[in-house]
Amino acid sequence: MPLTILSQSQLRALLLSLTRDEIIQLQQNLSKSLQDYSTGSQESGCSATYQPQRTAITRQNGCTTLFMPASTGATIGMKMISLQDGGTAGCAVSGSGVESPSTTDKTSMRSQGPRSSTASVTSDLSELSISSQEEERERSSSTSSASLPSGCVNKLPVDSGLSDTMGAWPAAGTRDTSPQGSVTLLDEESLPFGLINAHELTPFRTALTSTMVFNKRKRVRTVVVFGAGKQAYWHIRLALVLRGSEIKRVFIVNRSFDRAAQLLRDIYAPENASWRGDVKFSAVSNDFGEYSRVIHDALHKADAIFCCTPSITPLFPAHHLTSHEGRQKGRLISAIGSYKPHMTELDPDIIREEVTVQHSHRHFHKHVKRSGVVVVDSLDAALKEAGEIIQAEVKPNQVVELGELLMVRQAGRDLSQEDEDSKSLREWVEKGNVIYKSVGLGLMDLVTGGDLVQLARQRKIGTTVEEF
């Protein structure tokens, strides 16, 4: 069995060469695996039933290493990644010492087929109303961000003496918070066929998953991204590759001026013109004097918000999205950076408001009603590891897996005539307030990594050991 090895630079070269059609195919393959993960079917090797528990070790130097095994039925994989996050030394297995949903809760959610899933997902969405006043709000909103020139950080042009290092790849000596590690892939006979550096794979497959819902959104004119590392880079790149003709403005928010400048510099490199298009980019750092005003205006206009930082405090005040003004527009809010119970990118009040459904018949003009659910990649993992979910005290019945949501939408499309529940679900996914929280699955690395190994072999990228 040949073994294909992809180093960080080799994988990066492969990912940067992917066409839009190839990215869509990778996304579709991953989507099918996530649907299988959520069905609970014993016939699917990707089902959550067959996924081993992850284990974490934190060494005395504060470096946490995650061991993430996964299975598709035909292949097996193990991802090992380390990140310096200052944790407490010790070993913990997923679920150990953490209150998890009852067996009954998990069994009932895993065993639902497409029709019962439709009922469970749409039960809290039947009264969902979508505001159609977005153009009016955009015309009447604050013009503070409009005064920012294209390609700028804190109003300074991107080409005015800023660092010339490559955006999402910091210069020597710069602290990079991306996880380090590898993914090992084994075939159905347990023979290794792939070894991939995880430094680039992790943010790519995360962005590939996050943009699944992004693809379904009706309107994506303005995008706000928190963070300026690899996760931010790949969320921006995939969003523009997939929906670039519709996106007009991208705001990048980062606490470090230098990192924001580096990312902008990379985006504006000549070789990125094909996917960058005519989109207007602006970046702002926390020490900018007009930071609060620019953030308020950016979030008010945002159609999609991607949070890509391992933050332990909320990235912005809850009232930006929970106020009367903030609730007038539906947004996709994707939080993928925090991965431990004490971490939080979103203020828990944002989550609490979203899952608290008001059954009153009162109607607030131009308000998007709360859905009552948060979308996650894994119910089990999110309830144990996602800081926002834990701190907001979200219950299992207030969480919907992404795979289940994708499965339900597919079932709705297969119906000859759309019923009221399916219509409400479709409108929510396309125009409502959707919060997606991800902590990552080894299955994502296994499926996407396997596809990338095949592409690498076709393009003669990487190092292949013919008889390993």
Side-chain angles (χ1 to χ4, degrees), residues 54 56 58 62 64 66 83-88 92 94 97-101 177-179 202-203 206-207 209-210 213 224-229 231-232 235 252-256 259 285-286 291-292 295-296 298-299 302 304-323 326 331-356 370-371 373-396 398-402 433-441:
R54 69 176 69 183
T58 301
T64 296
L66 289 175
L83 188 64
Q84 189 74 34
D85 60 7
T88 303
S94 178
V98 181
E99 182 178 357
S100 61
T177 57
S178 301
T202 300
T206 302
T209 308
S210 293
V213 178
V224 176
V225 179
F226 285 87
Q231 290 283 11
H235 276 78
I252 299 171
V253 186
N254 194 62
R255 63 182 181 181
S256 166
R259 288 297 295 276
S285 62
N286 296 50
Y291 177 80
S292 297
I295 290 302
H296 174 272
L299 292 175
I305 302 170
F306 294 116
C307 301
C308 308
T309 76
S311 180
I312 59 174
T313 58
L315 298 174
F316 54 87
H319 66 78
H320 284 325
L321 301 184
T322 60
S323 65
R331 300 173 180 85
L332 168 63
I333 307 165
S334 179
I336 60 86
S338 58
Y339 57 93
K340 283 191 173 185
H342 72 283
M343 295 177 170
T344 177
E345 296 181 284
L346 300 177
D347 191 308
D349 285 345
I350 296 174
I351 307 293
R352 292 190 190 101
E353 175 160 303
E354 193 61 35
V355 300
T356 304
R370 293 183 283 276
S371 62
V373 295
V374 175
V375 183
V376 300
D377 48 2
S378 167
L379 182 151
D380 297 345
L383 292 175
K384 298 168 188 173
E385 300 172 14
E388 293 92 343
I389 302 295
I390 294 170
Q391 294 173 38
E393 299 180 331
V394 172
K395 304 297 187 294
Q398 297 170 323
V399 174
V400 173
E401 286 184 345
L402 176 61
N433 216 49
V434 179
I435 298 177
Y436 170 64
K437 175 60 197 174
S438 170
V439 293
L441 287 172

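No hydrogens, no waters, no symmetry mates; every other heavy atom, side chains included, goes into these values. What you are looking at is a predicted structure, and each value in this text was computed from that prediction instead of being measured.
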* Please check if the side chain of Asn254 supplies one atom and the backbone of Ser285 the other of a donor-acceptor pair under 3.5 Å. => no
* Verdict with supporting geometry, Thr64 and Leu83, side-chain contact (heavy atoms from CB on, under 4.5 Å) -> CA-CA 5 Å; Thr64 296; Leu83 188 64; 5.7 Å; no
* **Side-chain donor/acceptor of His235 to backbone N/O of Gln231, under 3.5 Å** => yes
* Separation between CZ of Arg54 and CG of Leu66, rounded to the nearest 0.5 Å -> 6.5 Å
* Please identify each residue that fulfils side chain to side chain contact (heavy atoms under 4.5 Å, CB included) with Thr322, with sequence neighbours left out. => Ala318, His319, Ile350, Glu353
List, one per line, each side-chain donor-acceptor pair under 3.5 Å for residues 386-395, sequence neighbours excluded.
from: Glu388; atom 1: OE1; to: Ser338; atom 2: OG; distance (Å): 3.0
from: Glu388; atom 1: OE1; to: Lys437; atom 2: NZ; distance (Å): 3.3
from: Glu388; atom 1: OE2; to: Ser338; atom 2: OG; distance (Å): 3.1
from: Glu388; atom 1: OE2; to: Glu345; atom 2: N; distance (Å): 2.7
from: Glu388; atom 1: OE2; to: Leu346; atom 2: N; distance (Å): 3.3
from: Gln391; atom 1: NE2; to: Pro341; atom 2: O; distance (Å): 3.0
from: Lys395; atom 1: NZ; to: Glu393; atom 2: O; distance (Å): 3.1

* Structure fact -> d(Phe316 CZ, Asp347 CG) to nearest 0.5 Å is 8.5 Å
* To do: Kindly compute the distance separating CD1 (Ile336) from OG1 (Thr209), expressed to the nearest 0.5 Å.
  => 10.0 Å
* Asked: Just how far is it from atom CD1 of Ile305 to atom CG of Leu299, taken to the nearest 0.5 Å?
  -> 5.0 Å
* Asked: What's the spacing between Ile351 CD1 and Gln398 CD if we round to 0.5 Å?
  -> 10.5 Å
* To do: Look up atom CD in Glu385 and atom CG in Asp380, then write down how far apart they are to the nearest 0.5 Å.
  => 10.0 Å
* Structure fact -> Correct closest heavy-atom pair for Leu315 and Tyr291 would be O-OH, 4.2 Å
* Ala232 to Gly227 - nearest heavy-atom pair and separation -> CB-O, 3.3 Å
* Asked: Would a distance-only check, ignoring hydrogens and angles, find a side-chain to backbone donor-acceptor pair under 3.5 Å from Asp377 to Val439?
  -> yes
* Kindly give the heavy-atom pair with the smallest separation between Leu379 and Pro396, and that separation in Å. => CD1-O, 4.2 Å
* **Pairing residues for Tyr436 by the ring pair (Phe, Tyr, Trp, His ring centres under 6.0 Å) criterion, not counting sequence neighbours** => none
